[in-house]
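Quick note: numbers below take in every heavy atom, side chains included, and nothing from hydrogens, waters or symmetry partners.
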Amino acid sequence: MATIVGAPWTRIRFYPEVAPPFLRRSPLFYRSKRIQDFRRIRTFSVSAKNSGEERNVRVRFAPSPTGNLHVGGARTALFNYLFARSKGGKFVLRIEDTDLERSTKESEEAMLQDLSWLGLDWDEGPGVGGDYGPYRQSERNSMYKHYAEKLLESGHVYRCFCSNEELEKMKEIAKLKQLPPVYTGKWASAMDDEMQEELEKGTPYTYRFRVPKKGSLKINDLIRGEVSWNLETLGDFVIMRSNGQPVYNFCVTVDDATMAISHVIRAEEHLPNTLRQALIYKALGFPMPNFAHVSLILAPDRSKLSKRHGATSVGQFREMGYLPQAMVNYLALLGWGDGTENEFFTLEQLVEKFSIGRVNKSGAIFDATKLRWMNGEHLRVIPSEELTKLIGERWKSTGILTESEGPFIEEAVQLLKDGIDLIPHSDKALSNLLSYPLHDTLKSPEAKPILEDKLSEFSTSLMAAYDNGEILSALEEGSAGWQKWVKSFGKSLKRKSLFMPLRVLLTGKLHGPEMASSVALIHKAGTCGVVAPQVGFVPLNERFKMLRQLDWDSLIKDEPLVEATTAASN
């Protein structure tokens, strides 16, 4: 047995004991009939072993610009970023745009924008440059052709002149025989004169990689442990199409090798590609990187997360009002944890705590409800000035307010923020505060106990307090003045249950944010002039006018009917 050691983490063993001819003969050996001998004895086992070396860490995220950045892709980018930053390495962004028909400049720009929005800045790549460029596959064709010709000269690759019809027939025959749909090797051992004849005729051809008939590949995946494949199920595969375009596995191998990528962290759906790529690495004499295949993100029904489950792209969540720090926090927890019960992390904390060894190999469930909760948690720890600016600009842009800053906005944000999980939710929160659905509230079954607790008499006393200026004076004095007045008002009525009657009559609702601050804001909204006319805001003075016009007898008489109707519908 001969053992050849390449890079520190790559060990390749060949069987039988005689060293393979391609290690000791010239490229002419692969020509003509002698190819058959090459294929017959080229039986070996490849074992790619991780050395644990972490110096000069270089990782890459390589999206295809054929659509939006999926949350699965964003998580892969995040894990690469965290690994690089935690090891003091480089995070490389490479655009895999060899699918010329589907790749678009718009998609690439959107992906770059999404990554920047998430805070995943890259050290090398589009817009940044670097020593290993260009960083778009469409600009690296000359490099792919160079290495393809190198493989052709060494005999690891041969020209295949099979037509599409011939290839389809091979698949059909294999299917009938219940065999894997592998290439039968028609041109693998063709004579020089046969190939020359086809070349002179101008017959289109592909470049096929010559795969050993027997043997296996074994890698130690950083997430999945030992993974192995049998070579006999593969068959000779194409690395260059007849139109001169390289295929994915060839591009990726050449790119990763020539960009000195040390660790390939990618989705588990790429795991089968490792076999082809490992063979190309070996044939070109490139060291193998460490591999880590991350599990898929699953929907609640445990199927692969897709558009039918709702929003799945980073851009969609951004448009819905999610914060980038919340998205990063949540994506990191999809398959990773620091070993504690803590779920709240900043990007800096994730860099400090991240370990590839703690990435789970089982699928992670995407929970939109938890993501929204997490967004709310991040939103509430944003510095007050920053949050006020975000929400104030939102209120002005949506036409609720005519200004984006000022005392009213500051107080409104502080009052409403605890009930907001997404910035757009602030629209409804403020609109609810400014509205006065008194009639609907009083007609609801839930209001019956309050209505029956002498609410009409309470309303009369409240209107009197407004008319004599008590309420307005209390509001002008702030929270302390309001609390003092409420206590005095309760004593004058010889009544302890003040909270719900006051909330219903002043806000028109049974539930809502803290009442004293709510009433103070309603008063301020009527005096500061920042509320847009079309919002449907009911100022405090208008609310008391509506109270004066209430037909309490009618409300009490309608109560049983409303209750019966509600019971019937339930």
Subject >> Any D367 side-chain heavy atom under 4.5 Å of Y330 side chain >> reply: yes
**OP:** Identify the two heavy atoms, one from G363 and one from R302, that lie closest to each other, and give their separation to 0.1 Å.
**Re:** O-NH2, 4.3 Å
Subject >> Heavy atoms from other residues, nucleotides or ligands near CG of N243 exceed 12 (cutoff 6.0 Å) >> reply: yes
Subject >> Test item: P63 and H70 side chains (from C-beta on) under 4.5 Å apart, heavy atoms >> reply: no
Original post:
Does Y147 have its ring centroid less than 6.0 Å away from the ring centroid of F286?
Top reply: yes
**OP:** Taking the side chain as every heavy atom from C-beta outward, state whether S64 and E96 have any atom pair closer than 4.5 Å.
**Re:** yes
**OP:** Output yes when D338 and R358 qualify as a salt bridge under the 4.0 Å nitrogen-oxygen rule, no when they do not.
**Re:** no
Original post:
Do you know which two heavy atoms are closest between P134 and R140, and how far apart they sit?
Top reply: O-NH1, 2.8 Å
Original post:
Aromatic rings F317 and F366: how do their planes relate, parallel, tilted or perpendicular, breaks at 30° and 60°?
Top reply: tilted
Original post:
With side chains defined as the heavy atoms from C-beta onward, is the minimum distance between Q316 and N68 less than 4.5 Å?
Top reply: no
Subject >> Flag, side chain of T233 to backbone of N230, donor-acceptor distance under 3.5 Å >> reply: yes
Subject >> Ion pair check, R159 and E198, cut-off under 4.0 Å >> reply: no
Subject >> side-chain contact (heavy atoms from CB on, under 4.5 Å) assessment of L234 paired with W229 >> reply: CA-CA 9 Å; L234 183 57; W229 298 266; over 6 Å; no
**OP:** Hey, could you give me the CG/CD1 distance between N80 and I356, rounded to the nearest 0.5 Å?
**Re:** 8.0 Å
Original post:
Side-chain donor-acceptor pair under 3.5 Å between Y207 and E149, yes or no?
Top reply: yes
Original post:
For T206, does its backbone N or O pair with a side-chain atom of S242 as donor and acceptor, under 3.5 Å?
Top reply: no
Original post:
For I219 and N290, what are the C-alpha separation, side-chain angles and deciding distance, and is it a side-chain contact (heavy atoms from CB on, under 4.5 Å)?
Top reply: CA-CA 9 Å; I219 66 168; N290 294 280; over 6 Å; no
**OP:** State whether the side chain of E139 and the backbone N or O of R136 hold a donor-acceptor pair below 3.5 Å, judged by distance alone.
**Re:** no
Subject >> Residue pair V57 / A84: nearest heavy atoms and the distance that separates them >> reply: CG1-CA, 4.4 Å
Original post:
How would you list, by chain and number, every residue that makes a ring-ring contact (aromatic ring centres under 6.0 Å, His included) with H270, sequence neighbours excluded?
Top reply: Y248
Subject >> Nearest-0.5 Å distance, CG of residue L387 to CG of residue L323 >> reply: 9.0 Å
Subject >> Nearest atoms (heavy-atom pairs only) where A74 meets L331 >> reply: CB-CD1, 3.8 Å
Subject >> Trace of the side-chain contact (heavy atoms from CB on, under 4.5 Å) decision for F209 with V211 >> reply: CA-CA 6 Å; F209 189 93; V211 178; 4.0 Å; yes
Subject >> Atom of Y322, atom of A368 and distance for their closest heavy-atom approach >> reply: OH-O, 4.3 Å
Original post:
How about W336 and F345: are their ring centres within less than 6.0 Å of each other?
Top reply: yes
Original post:
Taking NZ, NE, NH1 and NH2 as the nitrogens, is one of them in E153 or K150 under 4.0 Å from a carboxylate oxygen of the other?
Top reply: no
**OP:** Check step by step if side-chain contact (heavy atoms from CB on, under 4.5 Å) holds for S313 and M111.
**Re:** CA-CA 10 Å; S313 72; M111 285 185 171; over 6 Å; no
Original post:
Between CZ of R75 and OG of S295, what distance do you get to the nearest 0.5 Å?
Top reply: 4.5 Å
**OP:** Would you mind reporting whether K169 and E166 have side-chain heavy atoms less than 4.5 Å apart?
**Re:** no
Subject >> Residue pair D421, R380: steps toward the salt bridge (charged side-chain N to carboxylate O under 4.0 Å, His left out) verdict >> reply: CA-CA 9 Å; D421 285 335; R380 281 179 277 281; 3.1 Å; yes
Original post:
Between S262 and R58, is there a donor-acceptor pair closer than 3.5 Å when you use the side chain of the first and the backbone of the second?
Top reply: yes
**OP:** Could you tell me whether the side chain of W117 reaches within less than 4.5 Å of the side chain of M327, counting heavy atoms only?
**Re:** yes
Original post:
Just checking, is any N or O donor in the side chain of D97 or Q137 under 3.5 Å from an acceptor N or O on the other one?
Top reply: no
Original post:
Between S355 (side chain) and G357 (backbone), is there a donor-acceptor pair under 3.5 Å?
Top reply: yes
Subject >> Main-chain N/O of V92 paired with E124 side-chain donor or acceptor, under 3.5 Å >> reply: no
Original post:
Y132 versus T258: any side-chain heavy-atom pair under 4.5 Å?
Top reply: no
Original post:
What pair of heavy atoms forms the shortest contact from P424 to M320, and how long is it?
Top reply: CG-O, 3.3 Å
Original post:
Between CD of E194 and CH2 of W187, what distance do you get to the nearest 0.5 Å?
Top reply: 6.0 Å
Original post:
Which distance, rounded to the nearest 0.5 Å, do you find between the OG1 of T203 and the CD of E197?
Top reply: 8.5 Å
Subject >> Beyond-backbone contact of L93 with L112, side-chain heavy atoms, under 4.5 angstrom >> reply: yes
**OP:** Please round to the nearest 0.5 Å and tell me the distance separating atom CD of E343 and atom CG of N329.
**Re:** 8.5 Å
**OP:** Flag the pair D123 and R60 as a salt bridge only when some basic side-chain nitrogen lies within less than 4.0 angstrom of an acidic carboxylate oxygen.
**Re:** no
**OP:** May I ask you to check whether T274 and R266 show a side-chain donor-acceptor distance below 3.5 Å?
**Re:** yes
